[in-house]
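Notes follow once the structure below has been shown.
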Amino acid sequence: MKSYKIAVIPGDGTGPEMVREGLKVLEASAQKFGFKLEFTPFDYGGDRYLRTGEVLPEGAIGELKKFQAIFLGAIGHPEVKPGILEKGILLRMRFELDQYINLRPVKLYEGVDTPLKDKGPEDIDFVVVRENTEGLYTGSGGFLKKGTPAEIAVQESINTRMGVERCLRYAFQYCRERNKKKTLTLCGKTNVLTYAFDLWERAFHEVGEEYPDINREYAHVDAICMWMVKNPEQFDVIVTDNMFGDIITDLGAMIQGGMGIAAGGNINPGGTSMFEPIGGSAPKYTGKNIINPLASICAGSMMLKHLGEEEAAAAVEKAVMAVCARDIKSLSAGRMGYSTSEVGDLVVSYL
Ligand code: IPM
Ligand code: MN
């Protein structure tokens, strides 16, 4: 029987409750489809940091590299200054495990409310491929004369030809395999960021020559925000840099029904990838058993697909769709009509 070693990082706030349901569904899918998942928990997160003063222990990254995938809840603690856990845990894993793709599907399921008037599941179904190791996220830059009236803060966007090209190639390939509109849209800002997106645009068309079956489109990031609201049906796959990808995928999450359902994968095609809900740790709902676990369950489905368990992945997604269409009243915490664990049970029952 096939067996997969999975590192589990429940993290902070409602992360553990969501992960609990995600694992419940993963376990059920493994039983049904005849493979084994070996889960190993890690206590990385805000509580551990407050207790030990350490964000990630020595050797943590090396340890994580031994797993086929990482299943993550949420990182972020109200008593820890913003930036410490994000940079010290989440971004460090993305960077050091070289998870250079952040894959974020934006798909509206039947029965889920979108704030977009007159738009339905047939209109909202695209995927954002976000570069995940470069751009404004590298930490390149610094202060000069900090704390004085002449203070200077520089934050640089780093774009390497290699980094951009591997991201583009992944996006073209993904678009080809997805086999829908066969259209890849580069989201940039070539009218202002004339160095960074000049490189992106040149690489886009050069790599695109290798994919003659894929239509190439370009749109500025501000226009993309407009179109995502006005005509989301025009999109198939969008590829973009780290910062723009961060921003447009929050907008994407909202049009697909909210953080209750939005999931993503941090992918290193040749290494250890990590799957997570896009939303944060939602500390105010912690321990109440009212948070929506569907985002974690959807992250689980993405992980199964990545591991090659396509059938199981599709079955989990189908079960989530059934819960959305038939059972839960809203995707918002506390308004689902069911508790967190009941929603997990419902998904398992459809499986
Ligand atoms: C996300 C998050 C992270 C990001 C934060 C928590 C560092 O917003 O996964 O989109 O900016 O990438
Ligand atoms: Mn974000």
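Order of listing sets the numbers, starting from 1, for every ligand and every atom in it. What you see below is based on every heavy atom in this structure, not just the backbone, and it leaves out hydrogens, waters and symmetry mates.
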_Check contact between Arg130 and ligand 1, using heavy atoms of the residue and a distance below 4.0 angstrom._
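Checking ligand 1 against Arg130, which is what was asked, there is a heavy-atom contact under 4.0 Å.
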
Taking distance alone, with N or O pairs closer than 3.5 Å, would you say [X] contacts ligand 1?
{"X": "Asn102", "value": "no"}
{"X": "Glu276", "value": "no"}
{"X": "Glu86", "value": "no"}

*Would you mind finding which of Thr249, Asn242, Asn266, Leu90 brings a heavy atom closest to atom 3 (C) of ligand 1?*
Leu90

*Given Asp246, Ile75, Ile247, which one has a non-hydrogen atom that is nearest to atom 8 (O) of ligand 1?*
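Of the listed residues, Asp246 has the closest heavy atom.
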
*Identify whether NZ of Lys or CZ of Arg in Arg166 sits under 6.0 Å from the centre of the six-membered ring of Tyr100 and within 45° of that ring's axis.*
yes

*Given side-chain contact (heavy atoms from CB on, under 4.5 Å), test Met254 with Met259 step by step and report yes or no.*
CA-CA 7 Å; Met254 283 303 120; Met259 289 303 181; 4.1 Å; yes

_Is it the case that the ring center of Phe42 lies less than 6.0 angstrom away from the ring center of Phe71?_
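Centroid distance Phe71-Phe42: not below 6.0 Å, so no.
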
*Check Arg104 against ligand 1 and report side chain, backbone, both or neither, counting heavy atoms closer than 4.0 Å.*
side chain

*Does a side-chain N-to-carboxylate-O contact under 4.0 Å join Glu27 and Lys24?*
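Between Lys24 and Glu27 there is no salt bridge, as every charged N stays at least 4.0 Å from the carboxylate O atoms.
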
_So that I can tick it off, tell me whether Lys119 and Glu233 are bridged by a salt bridge, with the cut-off set at under 4.0 angstrom between side-chain N and carboxylate O._
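Yes.
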
*Closest heavy-atom pair and its distance - Val316, Ser29*: CG2-CB, 3.9 Å

*Considering the options Leu294, Leu304, Leu346, Ile297, which one meets the side chain to side chain contact (heavy atoms under 4.5 Å, CB included) requirement together with Val25?*
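Of Leu294, Leu304, Leu346, Ile297, side chain to side chain contact (heavy atoms under 4.5 Å, CB included) with Val25 is met by Ile297 alone.
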
_Closer than 2.8 Å to the Mn ion (ligand 2) - protein N, O or S atoms, ordered by chain and residue number_ = Asp246 OD1

*Per-atom contacts, ligand 1 versus Arg94 - under 4.0 Å to a heavy atom*: 1 (C), 4 (C), 9 (O), 12 (O)

*asked:* Going by salt bridge (Lys or Arg N to Asp or Glu O under 4.0 Å), Asp236 matches just one of Arg216, Lys182, Arg178, Lys181. Which one?
replied: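 Among Arg216, Lys182, Arg178, Lys181, the one meeting salt bridge (Lys or Arg N to Asp or Glu O under 4.0 Å) with Asp236 is Arg178.
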
